[in-house]
Structures are given as C-alpha cells and as structure tokens.
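Below, chains carry the letters A, B, ... as their sequence lines are ordered, and counting in each starts from 1. Every heavy atom of this structure was used, including side-chain atoms; hydrogens, water molecules and symmetry mates were not.
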Amino acid sequence: MTSSLPPLSAPLDIEFDYTRSLGSTLGRFATGLAQRRVLGARGSDGRVHVPPPEYDPGTGAPLTELVEVGQVGTVVTWAAQPQPLEGQPLRHPFCWAMIRLDGADTPLVHAVDAPRVATGMRVRAHWADTQGNGIRDLAYFVPDDGQGDGQGDGQSGGQGIGQGGGRGDVRTRQAEVVTTVTTPIRLRYRHSASPEESRYLRGLAQGRILGQRCPACDKVYLPPRGACPTDGVPTVDEVELPDRGIVTTFCIVNVPFLGQRITPPYVAAYVLLDGADIAFLHLVLGCPADEVRMGLRVEAAWKPRDQWGTTLENIDHFRPTGEPDAPYETYAGHL
Amino acid sequence: MSEVSVVSYAAAPDVRETAGTTNGVEMLVPIIGEALRAANLTKHDIGFWCSGSSDYLAGRAFSFIAAVDAIGAYPPINESHVEADAAWALYEAWIKIRTGEVDTALVYGFGKSSAGELRRVLSLQLDPYTVAPLWPDPVSLAGLQARLGLDRGLWSERDLAEVAARSRGANPAAPVHERVTAEELLRRPYLADPLRRHDCPPVTDGAAVVVLAQAGRARDLTDHPARITGLAHRVETAHLGARDLTASPSTVDAARAAGVDGVALAELHAPFTHQEIILRRALGIAGDVDVNPSGGALVANPMFAAGLARIGEAARRVAPGQRALAHATSGPLLQQNLVCVLEGE
Amino acid sequence: MTRHLAAVIGVGQTHHRARRTDVSMAGLCREAVDRALADADLTFDDIDAVVLGKAPDLFEGVMMPELMLADALGATGKPLLRVHTAGSVGGSTANVAASLVHAGEHRRVLAVAFEKQSESNAMWALSIAPPFSLPVGAGAGGYFAPHVRSYLRRSGAPGHVGAVVAVKDRRNGALNPYAHLRQADITLESVRASRMLWDPIRYDETCPSSDGACAVVIGDEPAARGRPAAWIHATVMRTEPTTFAGRDQVNPRAGRDAAAALWRAAGIADPLSEVDVAELYVPFSWFEPMWLENLGFAAEGAGWKLTEAGETALGGRLPVNPSGGVLSSNPIGASGMLRFAEAAMQVMGRAGDHQVDGARRALGHAYGGGSQYFSMWVVGAQRP
C-alpha cells in the first residue's frame, strides 16, 4: 500500500575542501605558477607537455625534466560557454580552449575571457591576484593584442620568462614552494526517499510509526523498504507500531568529528520496537550513559508537535520506561 | 576458450527524471525479475552477480550497497561491483564464467543522473590537479573535440546533424524522439558553439540488466542466445593535450582484439554526434551496417547503464547467424572503450 | 573449461603514513607498483592488464580516479578495470586480477589498490547524513561498536582480549618496515588506559587513518615457473544486504559461506591445522576473535580463547596479522590487498622480520560495508 503522494525529496549538499599533495613534478609546476611562470615537462618522445604530466602519456615513465614555456599561445580548438557553471574560471560567458603555449608541443585546457574566439587566435595568460592555488593561479587567458595587460605593474621584460616568446608582460613573483593545493568541491544533489519510506516519513509527521510487512517473509520492516533485502520485493501491508521497545545493542560515542550534529558523548542504540522485526539506530537519553544496557525497555520522547516534520528526528530520543529488562533470548536473534 | 552467451536483457524505461532513490532499487526490482523470468531462472540459479554504478552520481559513499536489496541477496551471493559503466561489470562477469567457477551471471547497471548537477559531477573525472579545478564540463569538452574535427575537415556540422536526425527518429520509446531532417536541425541554435542541443545526450535516469550463461547452458535458457565471440577494452591517457582527440586508438585496439569483421548491426555508445563518427571510423563500420537502431546514447543516456544497454540492445536484435557489435565508453572524451561482438544463435 | 593456474609473482607496498604529503595519488600508487614490478623482475611491457581498487571516490574527491591514473599505472593502451566493493575492495581487486589469469585471458596482470585519506576526512565522508535520516552515525567505529558489544555479550569473552589483539598487532607492526604505527613498547595496560572512543572500543583498539598503496603482479603458470611464487589455491567473494530482519551482524552468514566455499575449493578440511598464517581484516581489535569464529578457525563463541592463549601471536598455532594488520596501517582501499599481499609474502618466504617460519599456506581476508562484503584467498608455496 503505497501512498499516491509523490515520494519525498530534499536537498543533499556535499562540500569539502580537499587537500591535494602534489609530489615533485606537480609541486614544481604549482610553485612555478605561484611565481607566474609556466612549466611543462619533456616527455619520453621529446615533446613538451603543459601541464606537466607526472608520468609520460605514452610510456608511463616518470617525467622530471621541466622546462619553462611562454605565457602566450595559440588556440588549437575552442568551445563557447554561454552559461558558465559554478566553479568555472569566469562568471560571464566565455570560451573554453585548448591552447598550445609557445614552447610547448601539446595544448592545455583553459578558459579564454571572450564570448567568441577563433582557432589560431593568440591568447595570453591572465594571472589571479592570489597565488598557491595551482592551476587556478592562472586565472584565464585573454586575447593577445601584443601589448600586455599591465599585470607586470607596467614593467616589461620580467625576469625568468623562458623560451618561446612570452612577450615579457608579466613579472615573476617571489613565492613559497607549493607542495599542497586546496581544492574545494561543492556539489548539490536532490535526495529522494522511496515511496515506502515516504509513507513512513509522512506518518512520522503525524506522530505515527508506520512499518510495512514483506509479502514474502512476513517480517515487519521499519522503515518500510522499496525492496525487502532478503526477498527483493517491496514491503506492502502497513503495520502501525507503538513508540516503545527495547535496546538490542548500542555504543557510546565519545569521539567528535567533522560534520557531527550531535554533541558527544551520546548513546547510539539499536531500538527494536514492539512488533517490529528489525531495529534502527537512535539516541538513548534520560539516564546516565553507563546505565544503558542491552534489553533495556525504552519509549520515545517526542519533540513538541509544532516541531514535527517528515523525519525520525521528531523523536528527540528514547528514554527508559522503568519496566523490567527484556530477557536476552527475546532479542538474541536481532544482534 | 569457453564461450559465453547473452541469454536475456531487460531495461528500465529511460526517463528524464525518476522519482526513485539513487540506489536504483525501484528501477532494478522489476527488470531483474523480468530478465530472470525471460531466461527461466530464479535468483538462486545465478552463479555470479556484478554491477556498475557511481557514488558520485548518487552523492553518497557506498551508494551501490543498497542496490543489492533489489536482488534479495540472501542467502548471500557471489558478487562484485565496478565503479564504471556496467559494460565493464559484464566484462568481469564474462571472465568469471570463463574461469569455469560459475555458469551463469547477472549483470546490472543503474544511475540516477538527475539527482545531481551531472555536468559538474562529471568534471570530477578529469585530472584533479591541473584540469578538474577549472570545472570544465562534458559538453564544453565535447565542443573542443568536435571543433578539432570540424576545423580539420574530418566532419561537418551537417554530418553531425545527420547523425542526430537518424538517432532521433530511431526509437519511439526513447525520451528523445522526433521525425526531423538534418536541414531542420541545422537551423536550430547552438547550445554551446559548435554544439547544438541535438549533438548532446539527454540527462537520463535508467537501469539495465543482462544475464549471461556459459554457451553450453544458453540453449536451455532461451531460444535465441547471442554468443559473445569477442570482448575487449582499452584505456588511453588522461592527459587531454597528448591525445589525438579526433581518433580513438583505444577503440581501434579493442576492436582488433575482439574481431569486428562482418557485423550487420552496431550499437555504439556515442554520447555526442561527432563521437559516433569517430567510433565508426575506429571500428571500420561500413555504410551498410545498421548503426544504433535503438537510437543510442543521443536519445537516452542512462549513466552507468548506457554501455551495458548497448550490449543488451545488440543481443536483442541480432538474428541467428548474424554478427553484431556493441560498444561502451567511459571517461572524458572517449578515454576508455569496450567492444563486444555477438553472434546470433 | 579449465581453470588456468595463477600465482602472485611480485608484491609491493608503500610506506604507510597518516599523511603522505610528499607524493600525489599517482606517486603513491607508483611507489607500490614499482616495488611490485621490481619484486617480479618485470617492467610495464610485461603487463597485459591492470585492475585498480579503492574505496569511495568521495575520499579523494576524484570520480573514477583510475582514469586519471592510467599513465601512472602503466595501463595506457591496455585493459584497465576498476573494482569497488567497499572495504573488501583490496581483496576483491586481487581476486578479479586472479580471475583474468584463471580464465586464460591474460598472462600477467597488475593489481593495485590505494587510499589517500589525507586528501579529505573519512569520518566526514562516511558520516554524511542524507535527508530524512537521523544523524546518529559516527564513522566506521560508531557503526561497528554496537556489534562488538553484541559479540562480548554472546561469547562471554573477558574484556581484556581486545587489548591482547591490539598489543600483538601493534608489536607485529614494529617488525614491519612499511607499517604506519610501529609500537614495540605498547602494553596491555597502556591499551586499556587509552581513551574510550566508541564504547566498548578504545583508541588503541582502533585502526589508524593512513595514506598507502599496495600492488601485486599475478602471473600464469609459465610466468610463475622457476621463480618465487605464491600459488593461488582458491578465491572467494560473498555479499549479503546491510540490514535485514534477523541478520546476524556478529557472525554474518556471508562470511561463513565464503569461508566454507574457500576451504572446500582449497581442499582444506581443518583450517586451524592446515593454514599456517592468516592476514585478517581487523580494523577494531575485537574483530580478530569474531573473524576466527566466522572463518571456522574456532567454534562460535570460542575465538577469543585462541587469542587469549597467544595462539594468534607469532610463534602461536595460527599467527594472525604478523604484518601488524589493519590496526597498524589502514589505507582503506588498499587494506584488503595488503592482507592478500602479506599472505603471499609469507608463503614466498619474503616477509622479513615478521616471517612465520615454514609458512606454506596462508589466508588473505578482507571485509567491507556493514560486515557484508567478503573476499578471501588461500595462497600456497606449492602448486595446487
């Protein structure tokens, strides 16, 4: 019996600043970028690749010979990006391009700050204000008018500009050796509950605990399932369960960690409601943590009704009922 | 070499967005049942299970674990999983049968592409040090690849539109279906120059199941098994600048290893129109070969199932005595390619 | 259909550390790969195919990293397969590589597994609470601690046995030059005095978080002839759902079934007397006695007695984790393969200071998910 209402869904955001250790070859590349220099690697066949691959794209040999290339290059191919996506180098329409920098033999992928470009067009590096962010130090490329863009504080002929005619319009910077780059990754998803779980969640919003019975094995599942894990068929017949049961087993969480939403220490317990055939994890409060035990009889402590939503969080925690503990034999098969 | 046949295939309806969960259970339960019934098998008869899916598509670590609920995996099953299109799961299952340890295998792939921002998610397949931090998306990268061929005269925008027109007219059941000419398509605006909407795959949720059996058993399970006469895959460097993006050497090598001569139909996993042209050339597909009668990935591209679906679609269509080719791809710009050759029995 | 013989002919691993900031992901893998190739006296040219295993992509923030690692793994132009079976993946990866040889498809296959945990934070990645769920989860320790409590209740094991395992494995780790934690001076008292993290699991009974990689080269019979080899006698994989009504989470049936199939395939009737050394996936100390029972080395409820009696220490009846195990090094995706590789090193006689004298037959074991994915192999000094 599945509700005719559509399944519930809600945003799920994943966000982390990854720390990328670079190793020698990529570390030198990133350090070069922080100094406003572009380094390529000489491959096994003598070609110069930018960015420098750590291992040769043909032979897999480690590539350690880095050479400086120019900061001006030629567009090999391009594609318009009329609607930039989050995280891309520019927020207004731009073009992606593969750019063969002067002195390099193979092109790199980067952005060009122009709504249209042309194959064969000359483009020049535009540096970010910040440094130490690896490839993002190279903010994007701009069409090269041969004049420079003033990024070198008006000075031309910066030191250390290598072969290939970098036009000398950017002054190198002093920079620390870059060994690690931070890469933020933020992704947005829409997480959906199954039709069966949605019915259960809507029940919780009304203060009811709705399990479902598997038509094949007759076990009562809470939450109900899109597929009974042992029979592979959806659970069907609704079974309303009481908000009391027992603790089968538990642990006491003492460890803090990133993203934690409950302050330790807390008791995370498997609660088996009377009439259910499977336990679920919840919190047990209302007595000292060291008094929580296997077989303890507990009941739900609901949040105030005006705080209810379609979530098991409507039950703030479970608390001891004071009834005698359940005998071990009655729950040994649920461990 | 012991031989293996495809004995049944089932696929969930390809849709722009399913209301289901990211673990695929709602899509998988019916089609696992359908594929088993078609081969007169039950779950207890299956010697090996293998699936393909992606944690990043679901936005959760270990997202594939809940999918085994769709099997009802108890008593415990002999099972494995690849973090790739399920065509590679089929490869693992094909190997497993050839070890002689099992004589049947069920392969499934699933993906709810609509759950996240697919174009951003797929950026994370790129080099994490020098490319991914810029978040180039697959449509933009495909545009770079397409223009390389346009500039070199390897294909024209009209060639691309003809691929699209044929694909869009192929399959009334696909989420993208229209009777349209190349001329009409060329009058439509660019999505991202040089690509138009019809050059790109639709975001699709879907799942597919293929049942394999050792060839000696296949005849007992279906009247029309499709014998796998060759199966091979190869990968190329991830360094985009070092690749010739207008060709597909990994497909050429896989095709040589699989032996693709004399095929009458081909199901190609080409998410972009120009990629079909690259693949046809790499595979040496002649003009009389029926290409993508299913419509292919241009009309339905369920991530992590689309490659497996190509094998299933080819197996479903290949006539007795006929040879068919199925191809699957993985990674940015055809980085990794698999070729499967089937013979109708 | 004949199953072709297969053997491990080369093993390599990294120095495992909390943060291998000296290398990239590619460099980390390559360190293990280069050692495995050198051990096998081979080059990339000799390798027909590569199989890569690792745990969730969210750990490193790279989707299908095998793609970007193709050159570093020597896989460019070759078949490259990516396996992901949760924490058991390192073992599964070795098994899949073995199957490529068993099937007669390839002659020499390189299997690689890695995790670079320092790129992010595994507790974070494993504790992301999706909408509608209760944020009670607290990483792997929080997940497994209640089941350890169940084991204690069920077996009546004395409370100090967990510490016995921790002391043994960390001291073993001190004999292993590659181990992350090398604690020769650890004692029962210090373990029992360490902080309670997820009661009943203490800090010193918990695996570290490591960066590391492992690689093995698996060859066919001609490739293995005339050189040190660990012959693969049997492989097995089994899976069951994470939760279901009546599931035994302490002694899961998937593990029992896997072990029974493994012993049968390897021709082993009495594992305790016929297996010389076992590398078991023990991320929390109590899993040693739990797995001893699950694998059939001891009767149900009696695994802790083997541990308590010292039978699983070096010199005991069945040395378990002479390498120091997961308690000493835990690059998650590689941890399973390290078990498989260490088993191979033992029967090849190449385990150095943690060599078990006369080891002829060894078990490599890995598990993952909620104790629901199992992969195992038996390797031997002699051809099967």
Visitor: Crowded around B:Arg197 CZ? As in, over 12 foreign heavy atoms under 6.0 Å?
Guide: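 No, not enclosed.
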Visitor: How long is the straight-line distance from CG of A:Leu108 back to CG of B:Leu240, given to the nearest 0.5 Å?
Guide: 10.0 Å
Visitor: Taking all atoms of both residues into account, what is the closest heavy-atom pair of A:Pro195 and B:Glu26, and its distance?
Guide: CD-OE2, 3.9 Å
Visitor: For the interface with chain A, which of B:Thr21, B:Leu126, B:Thr18 has the highest count of heavy-atom pairs at distances below 4.5 Å?
Guide: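 Among the listed options, the one with the most contacts to chain A is B:Thr21.
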Visitor: For A:Arg100, look at atom CZ and say whether over 12 heavy atoms of other residues, nucleotides or ligands are found less than 6.0 Å away.
Guide: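 Not buried by this count: 12 neighbours or fewer within 6.0 Å.
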Visitor: I need the minimum non-hydrogen distance between B:Ala242 and A:His49, along with the two atoms involved.
Guide: CB-CE1, 4.0 Å
Visitor: Give the minimum heavy-atom separation between B:Asp69 and A:Pro229, together with the two atoms involved.
Guide: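 Taking B:Asp69 first and A:Pro229 second, the nearest heavy atoms are OD1-CB, 3.7 Å.
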Visitor: Out of B:Tyr74, B:Trp135, B:Tyr129, which one racks up the most heavy-atom pairs below 4.5 Å with chain A?
Guide: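 Maximum pair count with chain A is reached by B:Trp135.
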Visitor: Where is the tightest heavy-atom contact between A:Val109 and B:Leu134, given as atom of each residue plus distance?
Guide: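 For A:Val109 versus B:Leu134, the nearest heavy atoms are O-CD1, 3.6 Å.
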Visitor: Between A:Val233 and B:Val29, does a side chain to side chain contact (heavy atoms under 4.5 Å, CB included) hold up when you go through it step by step?
Guide: CA-CA 7 Å; A:Val233 295; B:Val29 165; 5.6 Å; no
Visitor: With chain A as the partner, which of B:Pro75, B:Ala238, B:Ala19 has the greatest number of non-hydrogen pairs under 4.5 Å?
Guide: B:Ala19
Visitor: Checking A:Tyr18 against chain B: side chain, backbone, both or neither under 4.5 Å from a heavy atom?
Guide: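 Just the side chain, heavy atoms under 4.5 Å.
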Visitor: Mind ranking B:Pro128, B:Ala73, B:Pro194 by heavy-atom pairs under 4.5 Å with chain A and telling me who comes out on top?
Guide: B:Pro128
Visitor: Sort out for me which of B:Val121, B:Leu245, B:Leu191, B:Thr22 touches chain A most, counting heavy-atom pairs under 4.5 Å.
Guide: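 Most pairs with chain A among the choices: B:Val121.
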Visitor: At a heavy-atom separation under 4.5 Å, does B:Ala142 approach chain A through its side chain, its backbone, both, or neither?
Guide: neither
Visitor: Measure across B:Thr237 and A:Pro57 and return the closest heavy-atom pair with its distance rounded to 0.1 Å.
Guide: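 Scanning both residues, the minimum pair turns out to be OG1-CB, 3.5 Å.
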Visitor: Below 4.5 Å, heavy-atom pairs only: which of B:Arg120, B:Arg60, B:Glu236 has the largest tally toward chain A?
Guide: B:Arg120
Visitor: List the atom of B:Gly116, the atom of A:Tyr189, and the distance in Å for their closest heavy-atom pair.
Guide: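 Looking at all heavy atoms of both residues, the shortest contact is CA-CD2, 3.4 Å.
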Visitor: Would you find a donor on one side and an acceptor on the other, under 3.5 Å apart, between the side chain of B:Arg147 and the backbone of A:Thr77?
Guide: no
